[in-house]
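Working notes for the structure below.
Just so we're on the same page: letters track the sequence lines, and every chain starts at 1. Everything quoted here is computed from the prediction, not taken from an experiment.
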2 protein chains.
Amino acid sequence: MLSTTTPALRRVLNAAVAQFARHGYEGASLAGIAAYAGIRKASLYSHIKNKDALFLAVFEDALKIESQFAHECFEHSNTGLPGQYYCESLLARYADSEHFRFLLRTSYIPPESLFHELQEGYETYMQQLLADFTAALRRHVGEAFSDQDALTLGHAYMGMVDSLHVALIYIGPSRFEARLNALERLMGDSIARLVGERHD
Amino acid sequence: MLSTTTPALRRVLNAAVAQFARHGYEGASLAGIAAYAGIRKASLYSHIKNKDALFLAVFEDALKIESQFAHECFEHSNTGLPGQYYCESLLARYADSEHFRFLLRTSYIPPESLFHELQEGYETYMQQLLADFTAALRRHVGEAFSDQDALTLGHAYMGMVDSLHVALIYIGPSRFEARLNALERLMGDSIARLVGERHD
DNA sequence: CAAAAACTACCGACCGGTAGGTAGTTTTTG
DNA sequence: CAAAAACTACCTACCGGTCGGTAGTTTTTG
């Protein structure tokens with residue numbers, strides 16, 4: 001983590017996130033990243049120490065950006081089910097944010113050498129998401145059910161998010177919607193059941 | 001797809017599935033695969049055309065094996081919720097089957113050049129799983145709810161399976177169990193709700 | 001204030017290493 | 001003995017990374 005971020009370094013980081021998101025860690029070459037940034041490979045080393053450090057810098061960038069995005073989704077909307085707005089934002093986010101695509105691609109199967117550093121950061125990211133969901137759930141149902149139930153729903157929600165991530169990667173938008181609706185319905189049913197509202 | 005499978009080719013395929021599962025397509029070298037099979041790299045070419053063909057052969061192997069395993073899980077047990085036994089088998093299967101680990105690793109983010117061939121095969125695999133689930137669901141609830149509801153539950157189940165796949169890859173066994181239980185509960189609640197049993 | 005020194009960003013050329021793949025030869029085997 | 005399968009040796013291409021050097025800007029300093 002360096003102090004200042006010059007414009008030139010910014011261009012390098014933007015090129016890197018694009019290439020890493022498209023081709024993965026091993027598949028993205030420094031020459032390719034440099035070309036995308038409009039310079040030669042050797043010039044990269046004026047800004048970064050090596051490929052690993054570049055990857056980690058991009059990773060921290062992506063974590064910060066996507067973490068904030070998720071948090072804003074939870075703050076932004078209190079309508080609907082807890083965490084619903086975030087899930088419904090994922091499809092557009094996947095299309096728009098290279099950092100998000102980068103995270104999805106590199107988090108499930110990270111470069112072996114950097115496994116531990118990445119695991120830690122991603123863990124924090126998911127924990128924050130879980131905390132946001134749990135808070136929204138408490139706001140939604142109050143004291144209606146136990147901590148045990150809240151924990152279970154938290155696990156289910158995180159599973160739901162992972163499931164949607166997978167859908168983004170390898171099935172099209174139409175089936176993403178279908179899966180999203182199906183999972184939202186399960187979640188809605190279960191919450192309703194616990195709350196004791198029987199609206200049918 | 002070749003005609004006969006000699007013992008030597010079998011050893012090569014077994015070595016390949018192990019290496020591909022551990023290191024992915026790009027990360028697994030032909031030299032490594034050959035060494036694992038007890039021969040030199042050049043000798044591989046007595047059995048295979050090139051790396052892509054080897055990968056595809058392993059992929060078809062894995063599809064056949066894991067497809068049959070899944071099918072047997074559905075045939076084997078009619079107790080519990082539809083598809084429950086398969087989900088509960090995944091953790092042990094992940095530990096035991098290199099072919100399963102291979103599929104999980106390579107299906108979400110396949111080698112770019114082989115994308116289309118793989119997509120097709122994996123699609124068939126998931127469709128069969130969905131068919132098995134739908135059949136089990138129909139056996140479980142009879143005519144109790146509409147085709148529309150069955151479709152929705154099917155989407156949810158496939159999402160659940162993907163979610164468990166992700167859990168296998170990047171979180172430990174303990175949290176796998178937690179996620180599994182949470183998702184099973186959602187599914188159980190939803191089915192119970194549709195069937196009209198209110199057991200609380 | 002101007003000359004010197006230092007710094008920034010870049011480049012072409014090259015290095016050691018490794019990848020997938022090929023050619024030609026020897027060994028194994030039915 | 002011939003075909004199959006193994007070997008050694010080698011090739012080209014690309015990888016991450018280093019080196020020496022250069023043009024332009026900024027800072028230091030007599």
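- Atom pair A:L114:CG and D:dG16:P shows a separation of 13 Å (rounding to whole Å applied).
- The list of side chain to side chain donor-acceptor pair (under 3.5 Å) pairs with a residue in residues 7-20 of chain A, not counting sequence neighbours, reads A:R10-A:D61.
- Between B:Y45 atom OH and C:dA23 atom P there is a gap of 12 Å when expressed in whole angstrom units.
- Judged by distance alone, with hydrogens and angles left aside, the side-chain atoms of A:Y157 form a donor-acceptor pair with the main-chain N or O of A:G83 at under 3.5 Å.
- Between A:R101 and A:D96 there is no salt bridge, since no side-chain nitrogen of the basic residue lies less than 4.0 Å from a carboxylate oxygen of the acidic one.
- Non-hydrogen atoms lying under 4.0 Å from DNA chain D are contributed by A:A28, A:S29, A:L30, all within residues 13-31 of chain A.
- When side chains are defined from C-beta on, B:V141 does not count as touching B:L194, because their heavy atoms never get closer than 4.5 Å.
- Aromatic rings of B:H165 and B:F100 (six-membered ring for Trp) have centroids within the 6.0 Å cut-off, being under it.
- Atom CG of residue B:L180 and atom CG of residue B:L90 lie 8.0 Å apart, to the nearest 0.5 angstrom.
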What protein N or O atoms touch nucleotides 10-12 of chain C N or O atoms at under 3.5 angstrom, if any, and at what distances?
residue, atom, partner, partner atom, Å
C:dC10, OP2, A:H47, NE2, 2.7
C:dC11, OP2, A:R40, N, 2.6
C:dC11, OP2, A:S43, OG, 2.9
C:dG12, OP2, A:R40, NE, 3.4

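- Between A:T106 atom OG1 and A:F59 atom CZ the span is 6.5 Å, to the nearest 0.5 Å.
- Aromatic ring centres of A:Y122 and B:Y170 lie closer together than 6.0 Å.
- Protein atom CG of B:L44 is 18 Å distant from nucleotide atom P of D:dA4, rounded to whole Å.
- If you measure from atom CD1 of A:I48 to atom C1' of C:dT8, you get 16 Å, rounded to the nearest angstrom.
- B:K51 has its NZ atom 19 Å from the P atom of D:dA13, to the nearest Å.
- Between B:I33 atom CD1 and C:dT18 atom P the separation is 17 Å, expressed in whole Å.
- Pairs engaging residues 174-187 of chain B under the side chain to side chain donor-acceptor pair (under 3.5 Å) rule: A:E123-B:R175, A:D149-B:R185, A:D162-B:R179, B:S163-B:R179 [sequence neighbours left out].
- For the ring pair (Phe, Tyr, Trp, His ring centres under 6.0 Å) test, no residue two or more places apart in sequence or in another chain qualifies with A:Y36.
- By the 4.0 Å N-to-carboxylate-O rule, A:R22 lies too far from B:E112 to be salt-bridged with it.
- For DNA chain D, the stems formed by at least three consecutive Watson-Crick or G-U pairs, with both atom-pair distances below 3.5 Å, span C:1-30 with D:1-30.
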